[in-house]
Structure formats: structure tokens, C-alpha cells
Amino acid sequence: MSTTWRQRVLERNRAANARFFADQDSADLSEDAYEEELRRHWLEAVRHYDPAAELHEELVVRLRGEAADHGALDFRIGDALLKPLREGVSASARKDVELELTGVSRGSTVLHVRASVPEIVSETSENLGVVDSSITDPAMRDFLKLIDAVEKEQDVRRWERIVPGLDGVVEALDKFDLSMDMRWFSLDGTVRSSHLSRRGKDYVRGLRDTEVQKSRKPISGRITELRESGVIKIKTGASKTSPAYEVRVDPEGLFDMHLELGVNVSFVVEVLRKTDRLGRTHSTKYRFLRVSDGQESLFDQGDSSVR
């Protein structure tokens, strides 16, 4: 259906739309709910003339802050913001979703974004009619739900795979001291909005905070590498896929231990695991504590200084 024809149909049904909303208790409707009802009613009216007619899906991103007051997109902001946004949506969809910027308008700086190659799923049923969906739609809805959750400082572990994308968005906004509103328009007429304020950004930054968890672990295997910096690499089995550990020891103590490549050893090590507030492991280190019982005979007396 051409744009001109769409406009004629819209004008023809404008009075019907007005009567429809006059019968609704619109005072209790949010802006999103009102817009959603309008879009769905419009789609229903247009499909009366063209059953194949469809709405377009679009993400509208409104940036707020001094750097966005001119209604134009600084390339540095675009580069910093759009990449993590795409990564977050792709992580939510569990597949690559390429996004493209289709326009920039005034009112602070407003970005219009959509999937560059929309994967639309349309199913027709005698009872249900046309059901519209896309790969991008549920991914965008989840991304906005995550933003709502961080604004309310709620547990976000259910969206853990999306958090890195939002974290990158927050870094970009922080770099230019911006806040952000997002509004998603779905193929089926659904409208969803989220606002990422200073409070939400603070919460996302807090998710990066890490703590070191300590535990003890026995490690046995063959020495495959010795470094003067104080690293002993131990391979736990003969298979190529067998785990290998880099055990750290004081460099002076390493010389006193008189170790050799190929020797089988058994150590008790301290495991230092750095995790964030979502429980994600950022790094793991192993520090030598002592030789396991029964291994003392492998070392000269000088090794007592490192036990």
C-alpha cells in the first residue's frame, strides 16, 4: 500500500478513530497505552482495505543533556552509543541483529533506529487473522525491561546476557553526561517506553563492583612451564583438553624449590576469584600455599621458606 493511499485511508477513518477514543476512558491511559490503541485501531481499519498492510517497527532514542541540545548527532556519541546498543539487542535475540540509524530529529537529539534487515514473521490463521512479529521485537522489549529494572534497582540476573550491552550504553552516556529515553514501536502496534536516568546509570555502574572470594584447592599434575617471575604451570592430565593451572609463588621461593620441568607435583593453592555483583567471574588466580602431604621429599631443605 502506497504512502499516499495510507494517508487517504487514515483521513477517511479519522472520524471513526475520534469516535472510538471518545468512548474510551483515555484519562486513565498512559501515553504508551493511548498510542498503542491508536496504532492498533489504525492497523485494523487499514487491513479492512488491504489485508497485507502492516505497521513499521522502530526504536526512538531521545538523548538529553548539554551535548544533545542542538538536535544533531555528534559522530563521537553515535559511535560510542550505537555499538553497545546493537550488542545488547543481539545478545537478547541470541543472534546478530544489525541496526541502522534512519534519521535524527530535534527535541534534544532524537535518533530513529530500526533493524537494517528486518526478519518479519507473519502467520495467517482463519481464526486469528494476521499475526505480526519479528526477531527484533522480543529482543527490544527485553532490553527495555532491563532498563526499567535498573531504574527500580531490581535484581537483573534474569537479563544477565544483556547487561554488558546496557553497561556499554551507560559508559557512552557517562562520557557525554547524557540521559536517555527509549520508545519501541512494534509491528503489532505495541508501544513500550523506558527512561534511563542518573539513578539507573548509578545502579548499572554498581553492578561492575567486584570482590575477591578466597578458597583452597589441591592441584596435582606435571610441570610444563617455569617462569622466573614466579609462575609454575601445571598440567593435570595427558590429554590436550586436560585443565592447566598457573600457580603463582614468590620468585625467590621458586628458586629455593629446585623444581624441574616434567616433574609431577601436588600443591595446595589459594584460589582468588574476582566476581561482580551478578556473580560473573572476572579473573581467577592461584597462589601457592604449601606442598601436599607426602610431597616434601621432592624438595631440598631450602623449600621450607615457602611452605
Side-chain angles (χ1 to χ4, degrees), residues 29-36 58-93 97 99 101-114 136 138-186 190-211 274-280 282:
L29 292 178
S30 66
E31 184 178 350
D32 283 352
Y34 186 86
E35 180 75 17
E36 184 174 314
E58 181 183 52
L59 177 68
V60 177
V61 181
R62 183 182 299 273
L63 303 176
R64 301 182 185 276
E66 185 175 346
D69 282 345
H70 307 296
L73 180 65
D74 187 311
F75 277 8
R76 296 171 300 168
I77 299 176
D79 290 343
L81 179 63
L82 296 178
K83 183 176 183 292
L85 175 60
R86 184 192 67 80
E87 291 173 348
V89 174
S90 295
S92 180
V97 176
L99 301 177
L101 183 67
T102 61
V104 179
S105 53
R106 291 185 177 273
S108 295
T109 296
V110 182
L111 313 181
H112 300 266
V113 180
R114 68 183 181 191
T136 310
M140 283 292 188
R141 295 194 197 200
D142 276 351
F143 197 81
L144 267 62
K145 288 176 183 177
L146 172 60
I147 295 176
D148 286 339
V150 300
E151 277 293 309
K152 298 173 183 176
E153 300 182 347
Q154 296 176 341
D155 186 351
V156 297
R157 280 175 289 188
R158 61 179 292 193
W159 298 288
E160 181 178 336
R161 70 182 184 278
I162 318 176
V163 170
L166 179 57
D167 191 40
V169 169
V170 169
E171 285 188 3
L173 296 175
D174 283 345
K175 184 176 181 180
F176 298 96
D177 193 23
L178 297 171
S179 61
M180 177 182 73
D181 296 332
M182 299 181 73
R183 203 174 192 204
W184 172 244
F185 298 87
S186 298
T190 301
V191 180
R192 293 290 182 267
S193 295
S194 290
H195 174 65
L196 185 60
S197 67
R198 185 176 300 277
R199 177 183 178 181
K201 291 192 295 179
D202 287 344
Y203 187 76
V204 173
R205 284 193 294 269
L207 296 176
R208 306 172 193 162
D209 295 342
T210 60
E211 62 178 5
K274 184 180 291 186
T275 59
D276 61 23
R277 287 176 56 187
L278 290 179
R280 298 173 296 180
H282 288 249

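Fair warning: this is a prediction, and the values are worked out from it, not measured in the lab. Because only heavy atoms are used, hydrogens play no part in the values below, and waters and symmetry mates are left out as well, while side chains stay in.
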- Query: Rounded to the nearest 0.5 Å, how far apart are CD1 of Ile162 and CG of Leu146?
  - Reply: 6.0 Å
- Message: Among residues at least two apart in sequence or on other chains, which ones pass side chain to side chain contact (heavy atoms under 4.5 Å, CB included) with Ala80?
- Response: Ala172, Phe176
- Item | Heavy-atom closest pair, residues Leu85 and Phe143 | CD1-CE2, 3.8 Å
- Residues Leu63, Leu173; criterion side chain to side chain contact (heavy atoms under 4.5 Å, CB included); working and verdict: CA-CA 9 Å; Leu63 303 176; Leu173 296 175; 4.1 Å; yes
- Query: Would you say the side-chain atoms of Lys175 pair up with the backbone N or O of Ile77, donor to acceptor, closer than 3.5 Å?
  - Reply: no
- Task: Applying side chain to side chain contact (heavy atoms under 4.5 Å, CB included), name anything that partners Ser197, two or more places apart in sequence or on another chain.
- Result: Glu151, His195, Arg199
- With sequence neighbours left out, which residue pairs that include part of residues 159-169 fulfil the side-chain hydrogen bond (donor to acceptor under 3.5 Å, both in side chains) condition? Asp167-Arg208
- Message: Go through it in stages, so that I can follow the logic: the residues are Leu207 and Asp276, the test is side chain to side chain contact (heavy atoms under 4.5 Å, CB included), and I'd like the CA-CA distance, side-chain angles, deciding distance and then a yes or no.
- Response: CA-CA 6 Å; Leu207 296 176; Asp276 61 23; over 6 Å; no
- Message: Suppose we screen for salt bridge (Lys or Arg N to Asp or Glu O under 4.0 Å). Which residues come up paired with Lys83, at least two apart in sequence or across chains?
- Response: Glu87
- Check step by step if salt bridge (charged side-chain N to carboxylate O under 4.0 Å, His left out) holds for Asp174 and Arg198. CA-CA 9 Å; Asp174 283 345; Arg198 185 176 300 277; over 6 Å; no
- Across all chains, not counting sequence neighbours, the salt bridge (Lys or Arg N to Asp or Glu O under 4.0 Å) partners of Asp155 are Arg157
- Message: Under the rule for side chain to side chain contact (heavy atoms under 4.5 Å, CB included), what residues qualify as partners of Asp148, not counting sequence neighbours?
- Response: Ser194
- Query: How far apart are the closest heavy atoms of Ala93 and Val97, and which atoms are they?
  - Reply: CB-CG2, 3.8 Å
- Message: Test of understanding: with side-chain hydrogen bond (donor to acceptor under 3.5 Å, both in side chains), list the residues that count as partners of Arg62, not counting sequence neighbours.
- Response: none
- Query: If you look at every heavy atom in Ser92 and Pro138, which pair is closest and at what distance?
  - Reply: OG-O, 4.3 Å
- With sequence neighbours left out, write down each residue that passes side-chain hydrogen bond (donor to acceptor under 3.5 Å, both in side chains) with Asp32, or none if nothing qualifies. Arg183, Ser193
- Item | Euclidean distance, Ile147 CD1 relative to Asp142 CG, rounded to 0.5 Å | 11.5 Å
- Message: Quick one, Val150 and Val170 - any side-chain contact, counting heavy atoms below 4.5 Å?
- Response: no
- Residue set satisfying side-chain hydrogen bond (donor to acceptor under 3.5 Å, both in side chains) with Thr102, at least two apart, ordered chain then number -> none
- Item | Pairwise distance CG(Leu59) to CG(Leu144) - rounded to 0.5 angstrom | 7.0 Å
- What residues form a side chain to side chain contact (heavy atoms under 4.5 Å, CB included) with Ala33, not counting sequence neighbours? Leu29, Ser30
- Nearest 0.5 Å, what's the OH-NZ distance between Tyr203 and Lys152? 13.0 Å
- Qualifying residues under side-chain hydrogen bond (donor to acceptor under 3.5 Å, both in side chains), relative to Ser186, sequence neighbours excluded: Asp137, Arg141, Trp184
- Message: Strictly by salt bridge (Lys or Arg N to Asp or Glu O under 4.0 Å), give each pair with a member in residues 65-82 just once, sequence neighbours left out.
- Response: Asp74-Arg76
- To the nearest 0.5 Å, how far apart are CG in Leu196 and CE in Met182? 9.0 Å
- Interatomic distance, CG@Leu81 vs CG@Leu111, rounded to 0.5 Å, equals 6.5 Å
